[in-house]
Amino acid sequence: MSSTEQHVAPATSATVAMKQQKLRRIMLQVFGIGFFYLLVLVFFAFASPYFFTYSNATNILTNVAVIGIVALGQSMVIISGGFDLSVGGAVPLGAVLFAILANAGLGVAGATAVVVLCGAAIGLINGLIITKIKISPLIATLGTLSIAGGLAYTVTNGVTVPLANLADGVLADFAVQGVSWYVIAFGILALATAFLLRFTVFGRMVYAVGGNPEASRLAGIRVDLVIVSVYVLCAALAAFAGVVVSSQLLAGSATVGSDAALSSIAAVVLGGASLSGGIGGIGGTMIGVLILGTVANGMALLQVPSFYQQIATGGILLLGVGFARLREVLTRENG
């Protein structure tokens with residue numbers, strides 16, 4: 001065997017081993033979270049006769065669409081090694097801005113575009129503070145959460161802004177077989193985000209930055225640009241979620257969507273993403289979103305008081321973190 005072949009063989013073996021390890025991690029993630037969701041479905045199916053119906057299934061999809069849209073952006077941020085609390089302010093701000101702009105005669109398309117751009121501006125501020133001023137994502141996004149949430153109250157004087165023209169709630173009006181348009185939009189956005197992360201150079205850079213930012217920088221990746229980009233996308237999606245909320249309620253309110261940060265992070269972590277970055281995917285996030293939505297729906301059917309749902313969300317978040325830790329341990333032992 002030539003020296004070249006001797007060098008190639010170990011490299012090939014190492015690559016195969018890394019792929020096998022990654023496959024094992026994915027299998028643990030998919031089967032683990034899928035099995036847990038199956039248990040949730042079985043429990044509520046026995047607990048309530050109204051759970052396994054088509055109308056209830058569409059209700060679950062309708063209720064998870066908003067947090068689902070936010071979670072798509074949160075997935076990219078967490079995979080890159082950060083997290084975004086400011087979505088809890090971007091959602092209500094997007095809702096009230098959409099109502100105000102639509103009432104001013106800008107139209108649904110124009111108002112939506114402006115709201116998404118405002119959300120992108122919040123993300124840009126987050127990204128620049130984190131990359132240029134070197135402030136941690138926790139502090140940076142907590143600050144913009146307070147600013148965005150405060151602005152939502154300021155521009156409305158703390159009151160709900162109803163849509164003057166009910167036709168502006170078009171996102172909630174149109175439905176296919178009982179499935180609202182924004183649920184379909186959520187599905188399309190999920191597919192687009194999954195494609196972006198898995199099959200584009202940008203997606204590979206997001207995973208690389210989350211896995212090892214210093215090595216990524218040495219490899220020629222513009223780490224700061226990648227980080228800023230994911231925060232821009234995350235906040236823009238959160239603002240669009242605010243548009244959806246406003247269409248649902250036919251009004252803009254500064255109080256809606258304030259729990260988006262906790263719920264979206266819970267969904268992403270429950271779906272298998274690692275808070276240390278570099279691990280995760282949209283498929284797992286979708287299952288995480290469905291688990292949260294199904295638990296909330298099942299508790300409502302069982303007439304459990306709504307404030308217990310927040311307790312359940314926190315418990316599920318802890319469960320997701322614990323499962324992620326267990327998966328990492330099993331992966332190392334099998335690797």
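The line from CG of Leu97 to CG of Leu117 is 11.5 Å long, rounded to the nearest 0.5 Å. Separating the CG atom in Leu72 from the CE atom in Met286 is a distance of 7.0 Å, to the nearest 0.5 Å. Rounding to the nearest 0.5 Å places CD1 of Ile67 at 13.0 Å from OG1 of Thr285. Between atom CG of residue Asp224 and atom CD1 of residue Ile130 there is a gap of 10.5 Å, rounded to the nearest 0.5 Å. Taking CE from Met205 and OG1 from Thr200, the interatomic distance works out to 7.5 Å, rounded to the nearest 0.5 Å. Rounding to the nearest 0.5 Å places OG1 of Thr144 at 3.5 Å from CG of Asn126.
Side-chain heavy atoms closer than 4.5 Å link hydrophobic residues (I, L, V, M, F, W, Y) into clusters, and following such links, possibly through other members, connects Ile188 to Leu196. Hydrophobic cluster membership differs between Ile69 and Leu191, with clusters built from Ile, Leu, Val, Met, Phe, Trp and Tyr side chains linked at under 4.5 angstrom.
Around CZ of Arg222, the count of heavy atoms belonging to other residues, nucleotides or ligands within 6.0 Å does not exceed 12. Under a cut-off of 6.0 angstrom, the local environment of CZ in Phe199 is sparse, with at most 12 non-hydrogen atoms contributed by other residues, nucleotides or ligands.
Of the possible donor and acceptor atoms, one in the side chain of Thr58 sits under 3.5 Å from a partner among the backbone N and O of Ser55. Side chain of Ser246 to backbone of Ala251: a donor-acceptor contact under 3.5 angstrom is found. No donor-acceptor pair closer than 3.5 Å links the side chain of Thr141 to the backbone N or O of Asp84. Checked by atom type and distance alone, the side chain of Ser247 pairs as donor or acceptor with a backbone atom of Val243 at under 3.5 Å. Between the Ser216 side chain and the Ala208 main chain, a donor and an acceptor come within less than 3.5 Å of each other. Counting only distance, with no hydrogens or angles, the side chain of Ser274 and the backbone of Ser276 share a donor-acceptor pair below 3.5 Å.
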| message | Please evaluate residues Phe186 and Leu61 with respect to the criterion side chain to side chain contact (heavy atoms under 4.5 Å, CB included), reporting the C-alpha separation (whole Å), side-chain torsions for both, the decisive distance (0.1 Å), and the verdict. | response | CA-CA 10 Å; Phe186 168 44; Leu61 291 175; over 6 Å; no

| request: Go through the steps to decide whether Leu197 and Tyr207 satisfy the test side chain to side chain contact (heavy atoms under 4.5 Å, CB included), and finish with yes or no. | output: CA-CA 8 Å; Leu197 284 175; Tyr207 278 98; 4.1 Å; yes

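Annotation: side chain of Leu270 is in contact with side chain of Ile291 (closest heavy-atom distance under 4.5 Å). Counting only heavy atoms from C-beta outward, the side chains of Leu233 and Phe202 approach each other to under 4.5 Å. For the pair Ile60/Phe51, a side-chain contact is recorded, criterion being any heavy-atom separation below 4.5 Å from C-beta on. Two residues are said to be in side-chain contact when any heavy atoms from C-beta on lie closer than 4.5 Å; Thr255 and Tyr153 meet this criterion. Between Ser264 and Val87, the closest side-chain pair of non-hydrogen atoms falls below 4.5 Å.
A side chain to side chain contact (heavy atoms under 4.5 Å, CB included) with Phe240 holds for exactly one of Val245, Thr112, Val115, Val70; it is Thr112.
Between the side chains of Thr294 and Tyr37, at least one donor N or O lies within less than 3.5 Å of an accepting N or O. In this structure, a donor-acceptor pair under 3.5 Å is present between the side chains of Asn56 and Asn297.
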